[in-house]
Protein chains: 2
Amino acid sequence: MVTQSEENYLKAIYHLVKQGSSVVSTNAIAKKIHTKASSVTDMLKKLADKELVDYKKYQGVCLTKKGKIIAANVIRKHRLWEVFLVEKLKFSWDEVHDIAEQLEHIKSEKLINEIDAFLEFPSHDPHGDPIPDRHGNIVKNNSVNLLEIKIGDEGVLAHVKDSSDIFLKYLNKNNLALGYKIKVIDIEPFDSSIKIEVKAKQIVISKNVAKNLFINI
Amino acid sequence: MVTQSEENYLKAIYHLVKQGSSVVSTNAIAKKIHTKASSVTDMLKKLADKELVDYKKYQGVCLTKKGKIIAANVIRKHRLWEVFLVEKLKFSWDEVHDIAEQLEHIKSEKLINEIDAFLEFPSHDPHGDPIPDRHGNIVKNNSVNLLEIKIGDEGVLAHVKDSSDIFLKYLNKNNLALGYKIKVIDIEPFDSSIKIEVKAKQIVISKNVAKNLFINI
DNA sequence: ATAGTTTTTTAGTCTTCCCTAAAAAAATAT
DNA sequence: ATATTTTTTTAGGGAAGACTAAAAAACTAT
């Protein structure tokens, strides 16, 4: 049996590996799940005993095959529940994260597969993140970041990297949502801010915002 | 903050009070939640400190107003989730209990109220148990037990007391479900077994089964 | 290369919730 | 009324998962 806490560590490692090097540091995990490095070390030993991670002292950590499947499954549940909350209940995309953090730990294969079917097998969650299938396979995201784009390029907003409440509220306020067509009007060399056109309106977004937006060209 | 374990104790006390005397014994709670009497004593002290139960050593325990509201809320969540699983996903009434045991601890007022609305404010769960409203109020059940009934009486199956997997499977096998019309054909004085008519078929049920069936006349 | 800094681990504690064993109180039986 | 049984509580301890403080290892910079 994998505990809730163990699932959270596996998930954190999974995400950190995905967005960076092949091995994850103790500190990085501690930061990610708001705990102390010493707690992380404790847990890594436990996960290593269970053969869910490959861990050697001072050498960082990565997931084993078994660990990766469990992590992907937790992420699958998280994202499916998010879709459920937004599509079937009246939640907006900035409200679902904390609830999905709880729901992702509900243990029942059948439940999550029924939810999947009930939602008609969505491929992405409300933030544009791909949903792993029941074997832990996940589609590659080939959307491109707004910072890597030239004036005149256009595409459809497909993914937001930062799913924090505050960032999603910013997007709401500026009428930016997944699926909207975005055209790059101008890029300011001084601060890398970008003027874009969305729904026939032009707005300027900072480099920091652009960093978190991805479009399909 | 009320922990999951505390919620389970409050729920157990709520159920035991409902079906019996005004005060609940340590042993009764231990039996209900499959733990030891000493663990129960520990927890009762903690709940008493939080003013969720009235507890005096050796005197049994009952819920305070605050405790009762929390317990009713957990039960509300449990039953609404059961309705969701049966009505919206493809679960049968004998599969939902264990999953609802997990889901009942998800913390979000908004979530459960949205679920309630999504289900169009059901009044009863799949086993015929009434669903408390968001203030913890619960309608009185005025269905009558099959053992208290005379030959010739008839009514609609409204409630099953035992929600165990094995009992519900027995009902499935014998084509008994909530909402079905039942007529009492004969009562055998020797063993109190009852011959009933359901859906134009006659079956004999034991006293033990009858004890768990309630109908609206 | 070595001194200083940062990261990681170890050692020891705390809280929650469970347990066993023994003591104390209450209930029951003779 | 007292002996026996049952119930409940206390005492002490274990596992999980967090923490602080200190030690050890690994980096970094001169």
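Because only heavy atoms are used, hydrogens play no part in the values below, and waters and symmetry mates are left out as well, while side chains stay in. Convention: sequence-line order gives letters A, B, ...; per-chain numbering from 1.
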(request) Look at B/K36 and C/dT20 and indicate whether a side-chain polar atom (N or O) is within less than 4.0 Å of OP1 or OP2. (result) yes
For [X], enumerate each residue passing the salt bridge (Lys or Arg N to Asp or Glu O under 4.0 Å) test, keeping only those at least two apart in sequence or located in another chain.
| X | result |
| --- | --- |
| B/K45 | none |
| A/K31 | none |
| B/E101 | B/K11 |

(request) Could you tell me which residues satisfy ring-ring contact (aromatic ring centres under 6.0 Å, His included) with A/H97, sequence neighbours excluded, listed by chain and number? (result) A/H78
(message) Going by the rule ring-ring contact (aromatic ring centres under 6.0 Å, His included), which residues pair with A/F167 if we only count those two or more places apart in sequence or in a different chain?
(response) none
(request) Considering only NZ, NE, NH1 and NH2 on the basic side and carboxylate oxygens on the acidic side, decide whether B/E109 and B/R134 come within less than 4.0 Å. (result) no
(request) For A/A48, enumerate each residue passing the side chain to side chain contact (heavy atoms under 4.5 Å, CB included) test, keeping only those at least two apart in sequence or located in another chain. (result) A/V53, A/Y55
(request) Go through residues 4-13 of chain A and report each residue with a non-hydrogen atom lying under 4.0 Å from DNA chain D, sorted by number. (result) A/S5, A/Y9
Donor-acceptor pairs under 3.5 Å, side chain of residues 207-217 of chain A to any protein atom, not counting sequence neighbours: which ones?
from, atom 1, to, atom 2, distance (Å)
A/N208, OD1, A/K211, NZ, 3.2
A/N212, OD1, A/D162, N, 3.4
A/N212, ND2, A/N208, O, 3.1

(request) Nearest whole angstrom, please: distance from the P of D/dA15 to the CE of A/M1. (result) 17 Å
(message) Whole angstroms only, please: what is the CG-P distance between B/L47 and C/dC18?
(response) 11 Å
(request) Encode nucleotides 8-13 of chain D as B, S and - characters from 5' to 3', where the letter depends on protein heavy atoms closer than 4.0 Å: B to the base, S only to sugar-phosphate, - to neither. (result) SBB---
